[in-house]
> 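Please see the structure below; I have some questions.
In this chain, numbering begins with 1 at the start of the sequence shown. Read the numbers this way: they start at 1 and go in the same order the structure lists the ligands and their atoms.
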Amino acid sequence: MTGRHETPILVTRSSMPPLEEYVEMLKPIWDSCWLTNMGEYHEEFKRQLKGYLGTSGLELFVNGHTALEMSIQALNLTEEPPSDGAQAPWERVARTPGDWKEAGEVITTPFSFSSTTHAIVRNGLKPVFWDINDRDYTMDAGQIEALITERTRAIVPVHVYGNLCDVERIQEIADRHHLKVIYDAAHAFGEALGGTGVANFGDISMFSFHATKVFHSIEGGAAAFRDPGLADRLYQIKNFGITGYESVEYVGANGKMNEFQAAMGLCNLRYLDREIGKRRRLAERYRERLSGVSGIRLCEQRNDVTYNYAYMPVVFDGFRADRDQIFARLAEHNIHARKYFYPCINSYECYRGLFDPEATPVARRIASQVLTLPLYAELPLETVDEICDLILA
Ligand code: T4K
């Protein structure tokens, strides 16, 4: 076992394409002076992503959060204005947390990154939290129905760490109650269930192409959908709601991906399968070393899922050292795991007093026990061994 690393080992490290390839991609941008607003790379990136994800509908965004927030807006889940048109747009969308008397409700998970719930709240909708299961930390689909009221509009589940939700059960419940399903698939780019690409579930799936993701475009995101009617609406909402030179139909915003992002995405897409292959080997090594150890739990993996090995979460439950002790031990060696996703969203300061974190006990417990270990394509296998040695010491 080595001593303290001179350069920190972080939880992830952005995959970088060969510099010359990216520089080559920049030349046409200089020649054309077309930097943003749905340029040629934007359109090409969109075309290639549709192919990779196996989806007919896809819109690009400046980041994953904006893709999610605008997807929720596009599905029009806020209250409809009365037929006399008396309700102004700000009465429909500008609610502050807690001002949810008349708001539509969205069932979601507290075990995620802040973005998932913020996207709901920033649409003037009230999040209703349901617990996760103890096997892979996705929403416990079997119990969702108990939360449905006449105000429920949608379900926003998260394929957390790239673990796919129980998509069939969720769809069946949504269909029965006429609810929309918007997947936060930020962690699940390129995955498949029984050969069906993850972009094909629910009404919309949001992907994040942030620098920390398996696949990135520096910052970036996408919404994949099946209803062709959503294509124009998403495109227009991300472009200020503009529907023509002289018409603005939606209270949109600026969610456009620029040409530099799209160029990075196009470069990275060429190497993605190779990157996932490298991650897979490292994740398998972690599993070989840590599975079966008393007090250590790894996410249950399904045989019918093609994974992208986005994260390496490990739960310390009755192990001889607790999560925080392992975190500190690794940090002493300049190895920086992360506590994704602690704390649970329903105990954030900005939502304090609005939710009962005890109502989602599994999420609360897992959040206090989980550590996400370093995992990225260029991580040396010896470092994985070293991390495991330190954990098991
Ligand atoms: N939904 C879910 C479930 C999500 O997890 C996320 C984002 C979203 C929605 C929203 O998608 P985006 O709008 O972000 O596209 C990071 C990411 O910023 C965030 O994208 C991600 N989830 C979240 C789980 O992790 P931080 O605050 O932990 O990132 P940071 O800056 O501490 O970086 C983590 C590590 O990554 C660093 O230690 C080193 C490495 N890194 C970081 C950056 C910024 C790089 O190698 N290169 C870089 O450029 O949030």
Side-chain angles (χ1 to χ4, degrees), residues 5 7-17 22 49 59-72 106 108-123 127 132 136-139 156-165 182-189 191 198 202 204-224 238 253-258 260-261 264-265 268 275 279 308 310-313 327 330-331 334-345 348 363 367 370-379:
H5 282 263
T7 36
I9 303 291
L10 303 175
V11 68
T12 191
R13 193 161 83 170
S14 299
S15 299
M16 301 303 284
Y22 188 60
L49 283 177
E59 195 47 72
L60 291 171
F61 290 85
V62 66
N63 56 53
H65 175 82
T66 305
L68 185 59
E69 197 171 310
M70 292 189 171
S71 293
I72 295 172
V106 177
T108 190
T109 165
F111 190 71
S112 183
F113 192 55
S114 49
S115 169
T116 314
T117 295
H118 288 350
I120 296 167
V121 174
R122 288 169 60 82
N123 269 288
I132 56 173
D136 62 14
Y137 321 131
T138 59
M139 259 168 88
V156 177
V158 180
H159 299 307
V160 69
Y161 304 132
N163 294 332
L164 299 191
C165 298
I182 305 124
Y183 280 105
D184 180 333
H187 303 169
F189 184 82
E191 296 192 326
V198 69
I204 301 184
S205 291
M206 174 283 276
F207 298 96
S208 164
F209 307 148
H210 184 263
T212 55
K213 295 292 185 287
V214 171
F215 168 69
H216 78 87
S217 59
I218 308 171
E219 293 261 6
K238 78 167 182 183
N254 185 351
K256 292 166 287 163
M257 174 181 278
N258 68 50
F260 296 82
Q261 292 174 282
M264 181 62 104
N268 277 334
E275 296 279 305
R279 282 173 171 270
N308 65 7
Y311 292 89
M312 188 63 219
F327 177 84
L330 294 175
N334 214 5
I335 296 168
H336 302 278
R338 290 290 289 265
K339 300 177 189 177
Y340 295 135
F341 290 99
Y342 174 84
C344 284
I345 299 174
Y348 282 2
V370 72
L371 202 55
T372 311
L373 302 178
L375 180 62
Y376 47 88
E378 301 311 323
L379 183 69

> Applying side-chain hydrogen bond (donor to acceptor under 3.5 Å, both in side chains), can you list everything that pairs with K213, at least two apart in sequence or on another chain?
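Once residues adjacent in sequence are excluded, K213 has no partner under the side-chain hydrogen bond (donor to acceptor under 3.5 Å, both in side chains) criterion.
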> With heavy-atom distances below 4.0 Å as the criterion, list the atoms of ligand 1 near A211.
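It comes down to these atoms of ligand 1: 48 (C), 49 (O).
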> Just jot down the ligand 1 atoms closer than 4.0 angstrom to any heavy atom of R13, in number order.
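So the answer, numbered in order with elements, is 46 (O).
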> Could you check which of H210, E219, M16, R338 puts a non-hydrogen atom nearest to atom 27 (O) of ligand 1?
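It is R338 that holds the nearest heavy atom.
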> Can you tell which of F341, F111, Y340, F113 gets a heavy atom nearest to atom 29 (O) of ligand 1?
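When every heavy atom of F341, F111, Y340, F113 is considered, Y340 comes closest to atom 29 (O) of ligand 1.
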> Can you report which non-hydrogen protein atom sits closest to atom 22 (N) of ligand 1, along with the distance?
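Result: K213 NZ, 2.9 Å.
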> Do any nitrogen or oxygen atoms of D184 lie less than 3.5 angstrom from nitrogen or oxygen atoms of ligand 1?
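N/O-N/O distance below 3.5 Å exists for this pair.
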> Taking the non-hydrogen atoms of H336, is any one of them nearer than 4.0 angstrom to ligand 1?
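Judged by the 4.0 Å heavy-atom criterion, H336 does not count as contacting ligand 1.
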> Below 4.0 angstrom, counting only protein heavy atoms, does anything approach atom 15 (O) of ligand 1?
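Flag for atom 15 (O) of ligand 1 set to true, protein heavy atom closer than 4.0 Å.
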> Kindly compute the distance separating OH (Y161) from CE (M312), expressed to the nearest 0.5 Å.
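CE of M312 is found 11.0 Å from OH of Y161.
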> As a check for students: among L68, V160, L10, identify the option with a heavy atom nearest to atom 37 (C) of ligand 1.
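The option holding the nearest heavy atom is L10.
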> I'd like to know if R13 pairs up with E378 as an ion pair, taking the criterion as any Lys NZ or Arg NE/NH1/NH2 lying under 4.0 Å from an Asp or Glu carboxylate oxygen.
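No, R13 and E378 are not salt-bridged.
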> What do you reckon, does G64 have a nitrogen or oxygen under 3.5 Å from a nitrogen or oxygen of ligand 1?
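It does: an N or O of G64 is found under 3.5 Å from an N or O of ligand 1.
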> Would you mind listing which atoms of ligand 1 come within a distance below 4.0 Å of any non-hydrogen atom of S208?
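The atoms of ligand 1 under 4.0 Å from a heavy atom of S208 are 11 (O), 12 (P), 15 (O).
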> For Y311, is there any backbone N or O sitting under 3.5 Å from a side-chain donor or acceptor partner on T372?
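Flag not set: sc T372 to bb Y311 has no pair under 3.5 Å.
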> Report the C-alpha separation of M16 and M264 in whole Å, then their side-chain angles, then the decisive distance to 0.1 Å, and conclude whether the side chain to side chain contact (heavy atoms under 4.5 Å, CB included) test is met.
CA-CA 9 Å; M16 301 303 284; M264 181 62 104; 4.2 Å; yes
> With heavy-atom distances below 4.0 Å as the criterion, list the atoms of ligand 1 near A186.
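Answer, ordered by atom number: 1 (N), 2 (C), 3 (C), 4 (C), 9 (C).
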> Output yes when a side-chain donor or acceptor of E59 lies under 3.5 Å from a complementary backbone atom of A223, and no otherwise.
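No; judged by distance alone, with no hydrogens or angles, the pair does not exist.
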> Show me which atoms of ligand 1 lie under 4.0 Å from any heavy atom of S112.
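This gives 3 (C) as the contact atoms.
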> With heavy atoms of Y311 as the reference, note each atom of ligand 1 found under 4.0 Å away.
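Counting atoms of ligand 1 from 1, those under 4.0 Å from Y311 are 24 (C).
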> Tell me whether M206 reaches ligand 1 (any heavy atom closer than 4.0 angstrom to a ligand atom).
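Contact present.
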> Has Y22 got more than 12 heavy atoms of other residues, nucleotides or ligands less than 6.0 Å from its OH?
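Yes, because the 6.0 Å sphere around OH of Y22 holds more than 12 heavy atoms from other groups.
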> Show me which atoms of ligand 1 lie under 4.0 Å from any heavy atom of S115.
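In order of numbering, the contacting atoms are 8 (C), 9 (C), 10 (C).
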> Could you tell me which atoms of ligand 1, counted from 1 in the order shown, lie closer than 4.0 angstrom to a heavy atom of H65?
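Every atom of ligand 1 under 4.0 Å from some heavy atom of H65: 10 (C), 11 (O), 12 (P), 13 (O).
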> Just go through T109, T12, V62, N63 and tell me whose heavy atom is the nearest to atom 36 (O) of ligand 1.
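Minimum heavy-atom distance to atom 36 (O) of ligand 1 goes to T12.
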> Heavy-atom contact under 4.0 Å between G221 and ligand 1?
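No; G221 lies far enough from ligand 1 that no heavy-atom distance drops under 4.0 Å.
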> Taking the non-hydrogen atoms of F207, is any one of them nearer than 4.0 angstrom to ligand 1?
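The answer is no, since F207 has no heavy atom less than 4.0 Å from ligand 1.
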> Considering only distance and modelled atom types, tabulate donor-acceptor pairs under 3.5 Å from the side chains of residues 61-70, sequence neighbours left out.
| residue | atom | partner | partner atom | Å |
| --- | --- | --- | --- | --- |
| N63 | OD1 | H65 | N | 3.2 |
| N63 | OD1 | T66 | N | 2.7 |
| N63 | OD1 | T66 | OG1 | 2.7 |
| N63 | ND2 | T66 | OG1 | 3.4 |
| H65 | ND1 | S115 | OG | 2.8 |
| H65 | NE2 | E69 | OE1 | 2.6 |
| E69 | OE1 | R122 | NE | 3.0 |
| E69 | OE2 | R122 | NE | 3.4 |

